[in-house]
> 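I am attaching a structure below and will ask some questions about it afterwards.
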Protein chains: 2
Amino acid sequence: MTPLKSRLPGSGRRPPRGRPRNEDIDRAVVAAVLEVLRTRGYRAVTMVGIARKAKRARASIYRRWPSKPYLVADCLVSTMGARPAPDTGDLRSDLLAAVGTFQRALSGPLRQALPGLVADMAHDPKLAQAVRRQVLVPRRQSMRAALERARARGEARGGADIELLLDLLAAPFYFRTLFGHARVDRRLTRGVVELALKIVR
Amino acid sequence: MTPLKSRLPGSGRRPPRGRPRNEDIDRAVVAAVLEVLRTRGYRAVTMVGIARKAKRARASIYRRWPSKPYLVADCLVSTMGARPAPDTGDLRSDLLAAVGTFQRALSGPLRQALPGLVADMAHDPKLAQAVRRQVLVPRRQSMRAALERARARGEARGGADIELLLDLLAAPFYFRTLFGHARVDRRLTRGVVELALKIVR
DNA sequence: TCCTTTACGAGACAGTCTGTCTCGTATAGG
DNA sequence: CCTATACGAGACAGACTGTCTCGTAAAGGA
């Protein structure tokens, strides 16, 4: 389980030795990354550039994150937060809420970062797994939970390939974001949910 | 309409002037790119490296392709070819054939190249459009045609959002390829087609 | 045959980024 | 006071990009 952020040296229990880290640096760096991401895209995020913009030493960044993709991924996670999936008692509402988080997430910094991050993931399995665990999995969980509740209520049939259904619910959002051939908006959210309901009922 | 490959100087009708290009170079470069792509991934494809491997001058590559992503995209297109969509008279068979091309395409060099290419597309709208036109659109066309034939036969209902349906059929393949969280195999092909049939009938 | 045009190989060049390292200095606990 | 770590500054080697300049090669046209 590789973390996005490097652990402190006193890497376990024991109170840390030596001079403590300055958390202002963490905040300044994350802010700089999000700013550059927003205005000039993933490619423009470089370790040198971020250090300059945050007015910090490059070594201080490398001390915290092993490389640019980990840094960016960590920044994204810090902006997303784990939205709890509401249980409304109705499958359509639950799915609309859960799928809506895709649409919203992909309207923020994730949108700018995703293509580059995906490319880096292809070259670093540890990064890929970390990103999947922190970005993909939490959002899948809320949809999976909604489907299971619906099945328990008798609102949805069983026997469907749940993993495939989860892919079907999420994939169009990533697909459109990465290829840019169509909009990612509330209309897509509604459309995807209606099709999922048609399948599962 | 930006082409992937740079046009020759005698860029129109008129027979070309001067020394003709050596097509051995085109072939050697494309072969080198596909080889590096296969063995070491998109990142390892560099203009310097390809020139070295193909034993040609860097300038000769830049004369033909404006930059690495265009070169790679052109190499991919050259390996894919436009598979004609068969008309079997049956929607399920037609879709299985059409969707099967996704699965096969994403088992070849496209699989290695896609993540990096997607990242470059995010920074170059012209490249993005060229890739969409040459990679995405042809495969969508055959699915669209199959759906329209089925509707004409009364095998499928109308009124559905065709573009969304096309995204639904293709997206899981790209999604799984880019995030690597699940396999892209014939089982996925069958599953996606069955769900599409459930929706459209 | 000569002239013009383009192709080719070789390499120079400036600019940028990465990741590591080494200073001198600062700040915590024991 | 000692030790451990953080910080800023910068050096460093290595790699890649994209453009440019040579000298040379190979076409067609006059």
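Here is the naming used below: chain letters follow the sequence lines, and residue numbers restart at 1 for every chain.
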> Output yes when R38(B) and E35(B) qualify as a salt bridge under the 4.0 Å nitrogen-oxygen rule, no when they do not.
yes
> Between protein and nucleotides 24-30 of chain D, map the contacts as a letter string: B base, S sugar-phosphate only, - none, heavy atoms under 4.0 Å, written 5' to 3'.
-BBB---
> Identify all side-chain donor-acceptor contacts of residues 67-75 of chain A below 3.5 Å with residues at least two apart in sequence or on another chain.
| residue | atom | partner | partner atom | Å |
| --- | --- | --- | --- | --- |
| K68(A) | NZ | Y42(A) | O | 2.9 |
| K68(A) | NZ | V45(A) | O | 2.8 |
| Y70(A) | OH | D124(A) | OD2 | 2.9 |
| Y70(A) | OH | L127(A) | N | 3.3 |
| D74(A) | OD2 | W65(A) | NE1 | 2.9 |

> What donor-acceptor contacts under 3.5 angstrom involve side-chain atoms of residues 170-178 of chain A, with partners at least two apart or in another chain?
| residue | atom | partner | partner atom | Å |
| --- | --- | --- | --- | --- |
| R176(A) | NE | D167(B) | OD2 | 2.5 |
| R176(A) | NH1 | R183(A) | O | 2.9 |
| R176(A) | NH2 | D167(B) | OD2 | 2.8 |
| T177(A) | OG1 | F173(A) | O | 2.8 |

> Would you list the pairs meeting ring-ring contact (aromatic ring centres under 6.0 Å, His included) in which at least one residue belongs to residues 124-146 of chain A, sequence neighbours left out?
none
> Taking salt bridge (charged side-chain N to carboxylate O under 4.0 Å, His left out) as the test, write out the residues that go with E163(B), two or more places apart.
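Counting only residues at least two positions away or on another chain, E163(B) forms a salt bridge (charged side-chain N to carboxylate O under 4.0 Å, His left out) with R140(B), R144(B).
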> Between residues 38-56 of chain B and DNA chain D, which residues have a heavy-atom gap below 4.0 Å?
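Going residue by residue through residues 38-56 of chain B, the ones with a heavy atom under 4.0 Å of DNA chain D turn out to be T46(B), M47(B), V48(B), R52(B).
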> When you measure from every atom of DNA chain D, which of residues 58-72 of chain B have a heavy atom less than 4.0 Å away?
R58(B), Y62(B)
> Could you note down all residue pairs passing salt bridge (Lys or Arg N to Asp or Glu O under 4.0 Å) where residues 125-135 of chain A supplies at least one of them, sequence neighbours left out?
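Found none.
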> Are the charged groups of D26(A) and R21(A) less than 4.0 angstrom apart, N to O?
no
> Return the residues of residues 113-121 of chain B meeting this criterion: a heavy atom under 4.0 Å from some atom of DNA chain C. Order them by number, or give none.
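By residue number: none to list.
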> Taking only residues two or more places apart in sequence or in another chain, which ones pass salt bridge (charged side-chain N to carboxylate O under 4.0 Å, His left out) with R153(A)?
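Partners of R153(A) by the salt bridge (charged side-chain N to carboxylate O under 4.0 Å, His left out) criterion, ordered by chain and then number, come out as E155(A).
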> Please give, in whole Å, the distance from dA7(C) C1' to E23(B) CD?
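It works out to 13 Å between those atoms.
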> Under the rule for salt bridge (charged side-chain N to carboxylate O under 4.0 Å, His left out), what residues qualify as partners of R92(B), not counting sequence neighbours?
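Listed in chain order: E194(B).
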> List for me each residue that meets salt bridge (charged side-chain N to carboxylate O under 4.0 Å, His left out) alongside D161(A), sequence neighbours excluded, and say none if there are none.
R187(B)
> Just by distance, do the side chain of S142(B) and the backbone of A98(B) share a donor-acceptor pair under 3.5 Å?
no
> So, does D185(B) use its side chain to make a donor-acceptor pair with the main chain of L188(B) at under 3.5 Å?
yes
> What are the two closest heavy atoms between D94(B) and G89(B), and how far apart are they?
OD1-N, 4.1 Å
> Could you state the atom-to-atom distance from CG of D124(A) to P of dT18(C) in whole Å?
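Atom-to-atom, D124(A) to dT18(C), this comes out as 15 Å.
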